[in-house]
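Residue numbers count from 1 along this sequence. The analysis underlying the following values was restricted to heavy atoms, covering all of them including side chains, and did not include hydrogens, waters or symmetry mates. Nothing here was measured: the structure is a model prediction, and the numbers come from that model. Atoms within a ligand are numbered from 1 in the order they appear, just like the ligands themselves.
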Amino acid sequence: MTALTLSTAAAPGLRADAIVVGVAKGAKRPVVAPGAEAVDEAYDGKLAGVLETLGASGAEGELTKLPAPAGFKAPIVLAVGLGDKPAKGASYDADALRRAAGAAARALAGSKKAAFALPVADADAAGAVAEGVLLGAYAFDAYKQNGGKADNGKAPLAEAVLLGGKGRDKAYKAAVERATKVVEELNRARDLVNTPPNDLDPAAFAALAETAAKEHGLKVQVLDEKDLVKGGYGGILGVGGGSASTPRLVKLSYTNPKAKKHLALVGKGITYDSGGISLKPAGHNETMKCDMAGAAAVFAAVVAAARLGLEVNVTGWLALAENMPSGSAVRPGDVLRMYSGKTVEVLNTDAEGRLVLADALWAASAEKPDALIDVATLTGAMMVALGSRTFGIMANDDEFRSTIHETAEQVGEPAWQMPLPEHLRKGMDSATADIANMGERMGGGLVAGLFLREFVADGITWAHLDIAGPAFNEQSPFGYTPKGGTGSAVRTLVRLAERMADGEA
Ligand code: BES
Ligand code: MN
Ligand code: ZN
C-alpha cells in the first residue's frame with residue numbers, strides 16, 4: 001500500500017512529483033480551497049484565475065494539471081475539484097475530501113511521490129484525506145504479467161505526504177494512523193473479492209483467516225465439513241454439497257479486557273455462486289466471485305478492530321461455501337434441516353446466501369451478543385431497488401437500523417433503510433417444510449431479510465446489510481472506488497464497533 005506521512009513542510013521546498021491542491025465551485029468562479037495558500041501565493045495569488053482560464057470549474061472529481069510555479073521543487077500542481085464551496089463558516093464535507101483525494105491519487109498512478117495540500121481544518125478531515133488517498137491508490141495486479149501496475153499500466157502512487165501544518169498534533173497523527181489501519185484491512189477485503197474463485201475456495205479463505213488470527217492475536221475456530229456434519233449445519237452443508245471444495249464455518253474472535261459490549265458479525269462467503277442446479281444463465285455469473293464480499297468485509301472489520309485496540313468484543317462468523325451444480329448438489333425440492341432445527345424447502349438453489357447465513361446467524365445468536373449484523377451480497381432485487389452504489393439496511397429494531405444508517409453516513413458509505421413487511425412472510429410458506437427459501441418475486445430483497453430474521457434468536461438485536469450493489473464495481477473507477485471489489489461495509493462496521501466501544505451505540 002501507498003506509504004503515507006504527515007508533514008509540516010512548506011510546499012515550495014518539497015521534493016515530489018506533484019502537489020495536489022483543492023479547487024471548489026464558488027458562486028461565479030472556481031475558488032482555491034484552504035491548505036493551498038503557499039501554492040496560490042507562488043502564483044501571485046492568481047491560481048483560481050489560472051484554473052478558470054484552463055477551464056476548471058471546481059466540479060467534483062475534475063482534474064487540472066498545471067506547471068508548478070518557479071522555485072518549486074515539484075514540477076506539477078494537480079488541482080482536484082471538491083464540488084460546491086461550503087457555506088460560510090462550514091468546513092468541507094469529509095466524504096467530498098475523501099473522494100477528491102481518491103480521484104487525485106488514482107490520477108497520480110505512475111508517480112513515486114505526491115504531496116496533498118487539501119483543506120484539513122481538523123483531525124477528522126486529515127483522516128478523511130488519508131483514507132481517500134490510500135483507498136484511491138489501490139490496484140489489484142496479482143494476476144498481471146507486468147505485476148505491480150494498475151489499470152492504466154502504471155504502478156499506484158508509492159508515497160503520499162499530507163501537508164497540514166499540524167503534522168505533530170497528536171489528534172492528526174492518530175487520525176492518520178487509524179485511517180492507515182482501516183484501509184489496509186479494507187484493501188485486503190478488496191483483494192479477497194478480486195481473487196479468482198479457482199484460487200479462493202472455502203478452505204483457502206479459512207486458511208487466510210487463521211494466518212491473520214495468528215498475526216493479530218485473535219482466536220480462530222474453523223469448522224470443516226466433518227465438524228459441520230457433526231454439528232448439524234444443514235444450510236452450509238446443503239449449499240456446499242455440490243462443490244469439490246468443501247464448505248467451512250470460521251469464527252474469528254477479538255476480545256478486549258475492557259470491553260462492555262459484544263458485537264457479532266456474520267458474513268456471506270460464497271466463494272463462487274454459479275446458482276447451483278438453478279444455474280445462472282451466461283451474463284449473470286462472470287462476476288460471482290464477488291459473492292464472498294460480506295465475509296471479506298466481516299474479516300476486515302474484525303482484524304481492524306483488533307489493530308485499533310477497540311474496547312469492544314467483536315466476533316466474526318464467515319459462512320464459506322461454493323455454490324456449484326453436480327451430482328451431489330442440493331436440488332430444488334430438497335429439504336434441509338438447519339442448525340437451528342428448522343426445516344427449509346429449497347425451491348431455488350440460487351437463493352443460497354440465506355441458507356449459509358441462517359446457520360451462522362443461529363450460531364452467533366447463541367452467544368447472546370449485544371448486537372448482531374449480517375453482511376451479504378444477497379439479492380439482485382436490492383440492486384434493482386437501490387442501484388449499484390447503495391446498500392440496504394433491514395433490522396428487527398428501528399433504533400438499531402437508524403444507528404447503522406447514521407454510522408454509514410458518518411463514514412461516507414451510501415446506505416438506505418428498508419422495511420421487513422410482515423405480509424411477505426406467507427409467500428415463503430412451504431407445504432412440506434417449516435419455510436421455503438423463496439417467496440414472492442416482488443420485494444425480493446425484503447423477502448430475503450424476512451427469511452434471515454427467522455434464524456435470529458428471540459431477544460437479539462439484529463440487522464442485515466444487503467451489499468449486492470456496492471460490493472463490486474463493474475463500471476469505471478470513481479472517487480476512491482476502484483473497479484472490482486470495493487470493500488463495501490468495512491468502514492461502517494469499524495465505525496460502529498468504535499461507537500459501541502465509546503458507549504455511543
Ligand atoms: N449472489 C446472488 C445475488 C447477487 C446478484 C449479488 C447480483 C450480486 C450481484 C444471490 O445468491 C442470488 O442469486 N439471489 C437470487 C435470489 C432469488 C433466486 C430468490 C436473486 O437475487 O436473483
Ligand atoms: Mn445465488
Ligand atoms: Zn449468492
Examine ligand 1 and decide if any of its atoms is less than 4.0 Å from a heavy atom belonging to [X].
{"X": "Met383", "result": "yes"}
{"X": "Arg441", "result": "no"}
{"X": "Met292", "result": "no"}

Practice task
Taking atom 22 (O) of ligand 1 as the reference point, report whether a protein heavy atom occurs under 4.0 Å from it.
Solution key: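 No, because not a single protein heavy atom sits under 4.0 Å from atom 22 (O) of ligand 1.
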Side chains of [X] and [Y], donor plus acceptor under 3.5 Å:
{"X": "Asp201", "Y": "Ser245", "value": "yes"}
{"X": "Asp291", "Y": "Thr377", "value": "yes"}
{"X": "Asp374", "Y": "Trp462", "value": "yes"}
{"X": "Thr271", "Y": "Glu322", "value": "no"}
{"X": "Glu345", "Y": "Ser430", "value": "yes"}
{"X": "Thr379", "Y": "Asp466", "value": "yes"}
{"X": "Tyr254", "Y": "Asn256", "value": "yes"}

Can you check which of [options] brings a heavy atom nearest to [atom]?
{"atom": "atom 12 (C) of ligand 1", "options": "Asp350, Asn437, Thr379, Thr377", "result": "Asp350"}
{"atom": "atom 19 (C) of ligand 1", "options": "Glu440, Met438, Met382, Lys280", "result": "Met438"}
{"atom": "atom 10 (C) of ligand 1", "options": "Leu378, Asn348, Asp466", "result": "Leu378"}
{"atom": "atom 4 (C) of ligand 1", "options": "Glu474, Met288, Arg354", "result": "Met288"}

Exercise for the section: List every atom of ligand 1 that sits less than 4.0 Å from any heavy atom of Ala468, numbering the atoms from 1 in the order shown and giving each element. Expected result: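 Matching atoms, with element in brackets: 6 (C), 8 (C).
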Practice task
Mark up the atoms of ligand 1 that fall under 4.0 Å of a heavy atom belonging to Glu352, in ascending order.
Solution key: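 Reading through ligand 1 atom by atom, the close ones are 11 (O).
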Heteroatom of [X] nearest to the Zn ion (ligand 3) (N, O or S, atom name):
{"X": "Asp291", "result": "OD2"}
{"X": "Asp273", "result": "OD2"}
{"X": "Glu352", "result": "OE2"}

Handout entry: Contact check, side chains of Leu186 and Tyr138, non-hydrogen atoms, under 4.5 Å
Key =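 Answer no - side chains too far apart.
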Handout entry: Ion pair check, Arg307 and Glu215, cut-off under 4.0 Å
Key =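 A salt bridge is absent here (no side-chain N lies under 4.0 Å from a carboxylate O).
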Exercise for the section: Answer yes or no: does an N/O atom from Gly380 fall short of 3.5 Å to an N/O atom of ligand 1? Expected result: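 So ligand 1 has an N or O lying under 3.5 Å from an N or O of Gly380.
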Problem - Angle subtended at the Mn ion (ligand 2) by Asp273 OD2 and Glu352 OE1, rounded to 10 degrees - result: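 About 100°, to the nearest ten degrees.
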Problem - Residue, atom name and distance, where the atom is the protein heavy atom closest to atom 2 (C) of ligand 1 - result: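 For atom 2 (C) of ligand 1, the nearest protein heavy atom comes out as Asp273 OD2, 3.6 Å.
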Handout entry: Heteroatom N/O/S of Asp350 within less than 2.8 Å of the Zn ion (ligand 3)
Key =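 So Asp350 does not bind the Zn ion (ligand 3) by this criterion.
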Practice task
Assess Leu378: does it contribute an N, O or S atom lying under 2.8 Å from the Zn ion (ligand 3)?
Solution key: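 Looking at Leu378, which is the residue asked about, there is no N, O or S atom under 2.8 Å from the Zn ion (ligand 3).
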Practice task
Flag this pair as yes if the NZ/CZ of Arg99 is under 6.0 angstrom from the six-membered ring centre of Tyr480 and inside a 45 degree cone about the axis; otherwise no.
Solution key: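 The answer is no; the distance or angle limit is not met.
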Practice task
Have a look at ligand 1 and work out which part of Asp291, if any, has a heavy atom under 4.0 Å from it: side chain, backbone, both or neither.
Solution key: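 Side chain only.
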Practice task
Determine whether the side chain, the backbone, both or neither of Lys268 has a heavy atom under 4.0 Å from any heavy atom of ligand 1.
Solution key: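 Side chain only.
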Practice task
Kindly indicate, with the supporting measurements, whether the criterion side chain to side chain donor-acceptor pair (under 3.5 Å) is fulfilled by Asn473 and Thr481.
Solution key: CA-CA 8 Å; Asn473 178 24; Thr481 307; over 6 Å; no
Handout entry: Which atom of Asn285 lies closest to which atom of Ala282, heavy atoms considered
Key =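 Smallest heavy-atom distance, with atoms named: OD1-CA, 4.3 Å.
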